[in-house]
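Only one structure is covered here, and it is reproduced in the block below.
Residue numbering restarts at 1 for every chain, and letters A, B, ... go by the order of the sequence lines.
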Amino acid sequence: MGTDAKSVRAIDPQGLPKHFDAESAEKRWDGEWQSRGTYRYDPARSREETFVVDTPPPTVSGSLHIGHVFSYVHTDVLVRHQRMRGKNVFYPMGWDDNGLPTERRVQNYFHVRCDPRAAYEAGLELEPATAKLRKKPARLISRPNFIELCHRVTQMDENAFKELWRRAGLSVDWSLEYATIDQRSRHLAQLSFRDLFEKGHVYNSDAPTMWDVDYQTAIAQAEMEDRPTPGAFYRIEFGVDGSERAFTIATTRPELLPACVGVTAHPQDDRYRALFGKQAITPLFRVPVPIFPSELADPEKGSGILMVCTFGDATDVQWWRDEGLALRQLVGRNGRLSPVSFGSEAFPSRDAEAANRYYAELVGKGVAAARQGIAQLLRDPAGSASGAAAPLQGEPEPIEHAVKFYERGERPLELVPTRQWFVRLLDKKAELLAKGEQVRWHPPFMFARYRDWTENLQLDWCISRQRYFGVPLPVWYPLDREGNPDYANTLVAEREQLPVDPTLDVPKGYDASQRDQPGGFAGESDIFDTWFTSSLTPQIGSHWLLDPERHRKLFPADIRPQAHEIIRTWAFYTIAKALLHENSIPWKHAVISGWVLDPERKKMSKSVGNTSTPMPLIERYTADGARYWSASARLGSDTALDEKVFKNGKRLATKIFNAGKFVLTQSAQVHPVRDELDRAFVAKLRALVERATGSFDDFNHAQALAATESFFWSHFTDTYLELAKLRVRDDGPGAAAGRGSAVAALRLGLSVLLRLFAPFQPYVTEEVWSWAFAQETGEPTIHRAPWPGEADFAGIEPPADPDSFDVAAACYGAVNKCKADAAMSMGRELEHMAVAANRATLAKLEPVLADLLGATRCRACERRERADLEDGVFEILDPRFAP
RNA sequence: AGGCACGUAGCUCAGUGGGAGAGCACCACCUUGACACGGUGGGGGUCGGCGGUUCAAUCCCGCCCGUGCCUACCA
């Protein structure tokens with residue numbers, strides 16, 4: 001605002017709509033922003049001027065819910081604020097489309113299954129499966145066909161997300177769109193593997209691994225969860241050489257009895273000390289196994305003595321390794337008991353014939369069925385030559401215990417020895433913790449999630465998956481003369497060769513004819529854990545090794561927004577990657593949103609079926625209304641879906657629209673902000689700007705919104721605007737200057753408030769901004785206008801009395817509170833106050849108050865007592881005169 | 001079982017070492033010229049409980065209760 005008086009042309013009220021039509025404004029402005037490139041990142045500007053967002057690529061598995069809007073709006077609010085602070089914002093959007101959720105969606109959508117052995121069908125066109133079709137067995141299609149369908153489905157899903165994001169007003173730079181399955185992501189993921197390989201951080205090994213028997217793939221520790229599951233303790237008698245019934249073990253997995261490779265108890269357990277060093281004989285199968293002491297055995301659990309099987313749980317694996325026990329793998333990759341032959345070297349038995357007879361009852365069964373089967377055998381070993389009593393002691397005792405599941409799986413995980421690739425992390429806990437501490441977490445207590453997970457990490461990161469839709473591991477294995485792979489001398493694709501598909505491409509030094517031939521090579525068919533790729537999102541944005549100069553400008557990122565339940569996966573792996581690749585942190589700030597809870601305070605999730613679709617909410621309450629609800633929640637705190645808050649947000653947008661209309665339709669010779677009341681208002685406004693800016697600096701957008709909103713309603717519309725009305729309408733002699741000062745302050749107030757609201761309600765603020773300020777300031781969009789600050793208040797004198805505004809507000813409040821018939825006494829009371837208050841301030845307010853008192857006629861107040869008036873006035877003003 | 005967070009009006013939530021707040025809902029009143037998608041006024045709370053520190057505690061400390069989440073828990 002200039003200091004000279006100038007004429008401001010009022011907007012013609014006739015030219016403005018009566019009501020804010022949010023829906024058309026949303027479509028119109030979204031189109032404008034896209035066509036004008038309002039949110040474009042400028043690669044020419046320096047790192048210091050740039051604000052880099054490591055946007056979460058949403059998992060594109062089909063269904064959108066309001067939780068998506070919630071957390072992404074938090075990010076967008078921060079981003080919009082940074083942009084107005086003058087930052088060159090890098091705000092990409094990615095789609096996490098590779099991996100199991102997509103595969104599962106494709107399987108359901110088309111009712112198909114991938115069969116890697118099937119032949120490719122060129123031009124295969126499938127329609128979404130009908131209910132009728134679903135009753136038939138799923139159609140088997142080739143891996144390339146399956147991947148084609150994955151791409152087709154993700155394309156549809158991505159379009160749906162994009163429509164939502166744009167409607168919700170996310171200020172994403174859509175030229176920076178990517179997918180975790182696209183060419184660049186695949187390239188970078190394979191480069192990442194190559195880099196880790198060169199640095200010695202990855203290895204492959206054939207070892208018992210957590211295995212999902214339905215998906216038939218290995219999974220990582222981070223993807224496991226414990227679920228309370230009903231089970232039962234089976235008490236089973238074991239023999240020892242020379243004694244048929246020497247001791248009783250307790251187990252919840254009797255079906256693994258044929259896989260028993262040892263027996264152990266605590267070394268101090270007097271009940272069993274005499275047994276150590278002897279051979280136990282398993283019942284039914286009569287397999288001799290060593291009895292050894294172990295500190296890990298808990299005398300309190302079960303009977304204190306237990307069988308070690310390959311493999312019932314992680315402790316079994318440890319005993320198996322430490323004691324050098326035999327491997328008797330029973331559960332196959334499909335979760336069924338594999339055929340084995342007792343009496344062989346691997347499965348010795350004192351009575352092989354009986355053992356095989358028993359096992360014939362179990363072979364081919366799933367784990368659960370086998371458990372029932374063996375329980376029956378243990379209870380009644382019909383045909384037992386010895387005629388001995390049943391090995392099962394009593395009836396199984398039902399218990400509920402924690403069982404490990406794949407988070408997306410339906411059956412318990414099994415430990416199955418398979419060859420897998422791992423990233424070595426267990427020896428880097430200290431470095432991982434140090435990097436985690438360098439990141440600033442918002443809210444800070446979220447760091448505890450990261451710390452706890454890192455400290456308790458048990459396994460290296462298993463990164464290979466036996467699935468289809470993902471990034472292939474860029475490796476081959478040389479085949480020896482017998483055609484056996486040499487895993488110790490893996491052929492990793494050269495950097496220049498990447499990206500590759502080892503099932504199609506050929507390693508350096510070989511030609512295609514040598515594929516799967518003795519002396520030739522075999523291509524790896526595994527793909528990466530999807531986190532292996534998505535842990536590179538900062539590098540996918542920066543292009544990393546593909547464009548080192550760009551990388552320097554975009555890495556590390558400024559913020560990583562994400563949900564708290566994936567701190568152990570996404571945040572953890574991203575930090576790990578940045579550490580291993582560049583000894584860096586991936587971002588400076590981790591910004592953690594809470595969850596959306598349903599009205600019963602349950603987490604919204606697809607499986608529970610309590611999700612809300614966002615589009616209808618946006619249509620009912622407008623995008624600005626939905627954003628208001630999102631932004632009202634602090635970071636990290638879970639929030640109930642409450643339509644009342646949406647409604648309030650819509651109401652705020654309406655009020656902004658109407659207040660804007662009023663202010664901008666006032667014409668005047670605009671004078672500098674000159675009068676005491678106006679200067680007092682500006683001082684308040686200035687304090688608000690400081691407050692809101694400080695809140696944003698603290699990543700507390702909710703506080704910034706609350707402060708701005710409260711100021712807007714109570715100070716701006718309810719008080720200042722009402723006080724100003726009387727002055728802008730004053731046609732009396734000498735009123736022009738006062739009117740000018742008032743209009744100048746009104747316009748300044750509107751301009752500042754619009755900008756403070758812009759990150760939260762981008763549509764209505766843009767709409768009002770466009771009426772006059774866009775042209776006056778030369779900033780065509782409010783979203784690139786400068787964040788309010790000292791420049792807005794330059795040349796405006798502070799008020800003579802810092803409390804003037806409050807006095808005026810109190811007087812106005814008092815006038816509203818009491819009634820016109822008290823006007824005479826008001827005058828007296830004010831005079832009384834003036835003695836103690838600032839006489840000069842009051843003198844300036846007097847004309848205003850006189851106007852007010854003259855103008856106010858409130859019939860409702862007429863019933864009020866004179867005493868109430870006095871009490872009311874003193875009540876309001878009393879704190880000011882308190883000792 | 002450990003860790004973290006939360007517990008404030010009927011609901012959703014702010015907030016602070018010194019007067020207990022907002023919005024919605026409810027009640028009464030007002031079609032005033034930006035706005036009835038509005039305005040004015042009102043009722044309603046031992047700030048989860050018990051101790052402690054302090055002149056003073058809803059706020060700081062301890063214990064307990066309740067809720068949610070994260071870890072751990074397959075003999």
_Centroid-centroid under 6.0 Å between A/F757 and A/F712 rings_ = yes
*Is the distance between the ring centroids of A/F696 and A/F760 under 6.0 Å?*
yes
Without decimals, in angstroms, what is the distance between [X] [atom1] and [N] [atom2]?
| X | N | atom1 | atom2 | answer |
| --- | --- | --- | --- | --- |
| A/L635 | B/C6 | CG | P | 14 Å |
| A/E709 | B/G23 | CD | P | 9 Å |
| A/F405 | B/A72 | CZ | C1' | 17 Å |
| A/D452 | B/G2 | CG | C1' | 9 Å |
| A/F662 | B/G39 | CZ | P | 15 Å |
| A/W595 | B/A5 | CH2 | P | 16 Å |
| A/K650 | B/G23 | NZ | P | 20 Å |
| A/E455 | B/G3 | CD | C1' | 11 Å |

Among [options], which nucleotide sits nearest the side chain of [X]?
| X | options | answer |
| --- | --- | --- |
| A/T654 | B/G38, B/G68, B/C37 | B/C37 |
| A/L721 | B/A34, B/C69, B/C37 | B/A34 |
| A/D718 | B/C69, B/G39, B/U12 | B/G39 |
| A/S637 | B/U12, B/A14, B/G15 | B/A14 |
| A/F445 | B/A34, B/C74, B/C4 | B/C4 |
| A/R449 | B/C24, B/C69, B/C13 | B/C69 |
| A/N456 | B/C74, B/U71, B/G39 | B/U71 |
| A/W453 | B/C13, B/C73, B/A72 | B/A72 |

Should [X] be listed as having a side-chain N or O under 4.0 Å from OP1 or OP2 of [N]?
| X | N | answer |
| --- | --- | --- |
| A/K18 | B/A36 | yes |
| A/Q221 | B/A72 | yes |
| A/R451 | B/C4 | no |
| A/K301 | B/C73 | no |
| A/R634 | B/A14 | yes |

Please work out if [X] contacts a base, only the sugar-phosphate, or nothing of the nucleic acid, heavy-atom cut-off 4.0 Å.
| X | value |
| --- | --- |
| A/D316 | nothing |
| A/A314 | nothing |
| A/T639 | sugar-phosphate |
| A/A706 | nothing |
| A/F233 | sugar-phosphate |

So for [X] and [N], does any side-chain atom that can act as donor or acceptor lie under 3.5 Å from a complementary atom in the base?
| X | N | value |
| --- | --- | --- |
| A/N648 | B/C24 | no |
| A/K644 | B/C11 | yes |
| A/K655 | B/C35 | yes |
| A/E722 | B/A34 | yes |

*Please figure out whether A/G312 or A/G636 has its closest RNA chain B nucleotide nearer the 5' end.*
A/G636
How far, in whole Å, is [M] from [N] if one measures between their [atom1] atoms?
| N | M | atom1 | answer |
| --- | --- | --- | --- |
| B/A56 | B/G19 | P | 14 Å |
| B/C6 | B/G23 | P | 25 Å |
| B/C24 | B/C61 | P | 35 Å |
| B/A57 | B/G48 | P | 15 Å |
| B/C50 | B/U58 | C1' | 15 Å |
| B/G68 | B/A25 | C1' | 26 Å |
| B/U40 | B/A22 | P | 13 Å |
| B/G41 | B/C59 | C1' | 32 Å |

Considering Watson-Crick and G-U wobble pairs with both distances under 3.5 Å, what does [N] pair with?
| N | result |
| --- | --- |
| B/A22 | B/U12 |
| B/U54 | none |
| B/G68 | B/C4 |
| B/G33 | none |

*Is the closest side-chain heavy-atom distance between A/K655 and A/W713 below 4.5 Å?*
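A side-chain contact exists here, since the closest heavy-atom pair is under 4.5 Å.
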*Would one find more than 12 heavy atoms of other residues, nucleotides or ligands at under 6.0 Å from atom CZ of A/R440?*
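Counting neighbours around CZ of A/R440, 12 or fewer heavy atoms of other residues, nucleotides or ligands fall under 6.0 Å, so no.
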*Would one find more than 12 heavy atoms of other residues, nucleotides or ligands at under 6.0 Å from atom CD of A/E410?*
no
*Between A/W320 and A/R328, is there a cation-pi geometry (under 6.0 Å to ring centre, at most 45° from the normal)?*
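No.
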*Which of these, A/R651, A/K644, A/K650, sits in a side-chain hydrogen bond (donor to acceptor under 3.5 Å, both in side chains) with A/N648?*
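Of the listed residues A/R651, A/K644, A/K650, the side-chain hydrogen bond (donor to acceptor under 3.5 Å, both in side chains) partner of A/N648 is A/R651.
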_Aromatic plane relationship, A/W453 with A/F572 - under 30° parallel, 30 to 60° tilted, over 60° perpendicular_ = perpendicular
_Can you tell me how far apart OG1 (A/T252) and NE2 (A/H401) are? Round to the nearest 0.5 Å._
5.0 Å
